[in-house]
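Notes to accompany the following structure.
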Amino acid sequence: MSTVAPLLNGTVVVSAAVSYTVAFCAIEWDLRNPYTVDDLVLRVLSAVVTPPLINWLARREPAVGSPPRNPFLFALDLWAYGQLMLVLYDTALLYNLARLGAHLLPAAAASAVLTATHLFRRSATSPTGPYVATLAATIGRALALFLVPALAIRYAQTFATPRLAALAGLVVIGAAARRDTVRLLLPAVAAAAVGYVVAVLLPGPYYEATLLRSATGALLAATAVCALLDTTRARLVVRS
């Protein structure tokens, strides 16, 4: 059974829709304006329509429930898809298409990365070492567990406290790691260090951009450490 099978569970999708709708409605009300009531009605209607659509699509694409086989390629895809979403966010969602020109190069780079990872994934074998495999399984569980509270955690950073948001994120990651915590301890330390350095030295123009850079760097660091540990382990086995 897939380690992220709960992601395709109808109850989880409905719970995520309710969680996101409540969070967004609370934010809309806190920033209320003459259009707030209309926005709230649209959000509630979306929460009713979206879960059946997602579950229908999930049944048509069962591979969606599979954990990432290659964390390195997953990290690159994470950056590329995130970059494209940020382009959409900074132009269409913020009603400023004049910014589109400044995003053409990043969008082109993200599209090139997605094309390259797709071609490489079709021709390359996935790493099979225990550390990389454990990291891939943990990512799969983390994606499933993070689905419901993700939006609330993100906006806790803005409307509540960054410490609360960070603690909630760590709880989710810890639950995803489960019994593999010891094996992933060193990769986690490396990921945290790299993620922090990236956030401090390479901040984005807004929170989501910084978070994307930091998360990508952290995941690449964790993958590199896991690959190094697998290589070291294999050499020790050969020598013995």
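Formation of a donor-acceptor pair under 3.5 Å by the R213 side chain with backbone atoms of A199 is not found in this model. Of the possible donor and acceptor atoms, one in the side chain of S19 sits under 3.5 Å from a partner among the backbone N and O of V148. At distances below 3.5 Å, not a single donor-acceptor pair connects side-chain atoms of R183 with backbone N or O atoms of T134.
When side chains are defined from C-beta on, P187 does not count as touching L135, because their heavy atoms never get closer than 4.5 Å. Residues L119 and T115 meet the side-chain proximity criterion, which asks for heavy atoms closer than 4.5 Å. By the 4.5 Å heavy-atom criterion applied to side chains, F74 and L143 are counted as neighbours.
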Is there a side-chain contact (heavy atoms from CB on, under 4.5 Å) between L229 and V132 once you walk through the steps? CA-CA 9 Å; L229 291 172; V132 172; over 6 Å; no
Go through it in stages, so that I can follow the logic: the residues are D90 and Y206, the test is side-chain contact (heavy atoms from CB on, under 4.5 Å), and I'd like the CA-CA distance, side-chain angles, deciding distance and then a yes or no. CA-CA 10 Å; D90 201 32; Y206 39 83; 3.5 Å; yes
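Looking at every heavy atom in both residues, S214 comes nearest to Y196 through OG-N, 4.4 Å. Closest approach of V225 to L186, counting heavy atoms only: CG1-CG, 4.1 Å. Across every non-hydrogen atom of A191 and A222, the tightest pair is CB-CB, 4.0 Å. The two residues A16 and L147 have their closest heavy-atom pair at CB-CG, 3.8 Å. Taking all atoms of both residues into account, the shortest heavy-atom contact from R141 to A177 is NH2-O, 3.8 Å. Summarising the geometry of A102 relative to P106, their closest heavy-atom pair is O-CD, 3.7 Å, with the distance given to 0.1 Å.
Applying the salt bridge (charged side-chain N to carboxylate O under 4.0 Å, His left out) test to residues at least two apart or on different chains, the pairs with a partner in residues 16-31 are E28-R43.
Taken from OH in Y89 to CD in E208, the straight-line distance is 4.5 Å, to the nearest 0.5 Å. In this structure, the separation between OG1 on T36 and CG on L31 is 8.0 Å, given to the nearest 0.5 Å. Atom OH of Y20 and atom SG of C25 lie 14.5 Å apart (nearest 0.5 Å). Between R154 atom CZ and L211 atom CG the span is 8.0 Å, to the nearest 0.5 Å. The CD1 atom of I173 sits 10.5 Å away from atom CG of L145, with the distance rounded to the nearest 0.5 Å. Here the straight-line distance linking atom OG1 of T21 with atom CG of L42 works out to 11.5 Å at 0.5 Å rounding.
L100 and L105 are not part of a single hydrophobic cluster, where members link through side-chain heavy atoms under 4.5 Å apart. L219 and L184 end up in the same hydrophobic cluster when Ile, Leu, Val, Met, Phe, Trp and Tyr side chains are linked at under 4.5 Å. Grouping the Ile, Leu, Val, Met, Phe, Trp and Tyr side chains by contacts below 4.5 angstrom, directly or via other members, places V113 with L73. Cluster annotation: V12 and L151 are assigned to the same hydrophobic cluster (Ile/Leu/Val/Met/Phe/Trp/Tyr, side-chain heavy-atom contacts under 4.5 Å, transitive). In this structure, V189 is not a member of the same hydrophobic cluster as L220, with clusters built from ILVMFWY side-chain heavy atoms closer than 4.5 Å.
Grouping Ile, Leu, Val, Met, Phe, Trp and Tyr residues whose side-chain heavy atoms lie under 4.5 Å apart, directly or via other members, places L40 in a hydrophobic cluster with W29.
For CZ of R233, the number of neighbouring non-hydrogen atoms (other residues, nucleotides, ligands) closer than 6.0 Å is 12 at most. In the displayed structure, Y81 atom OH is contacted under 6.0 Å by at most 12 heavy atoms of other residues, nucleotides or ligands.
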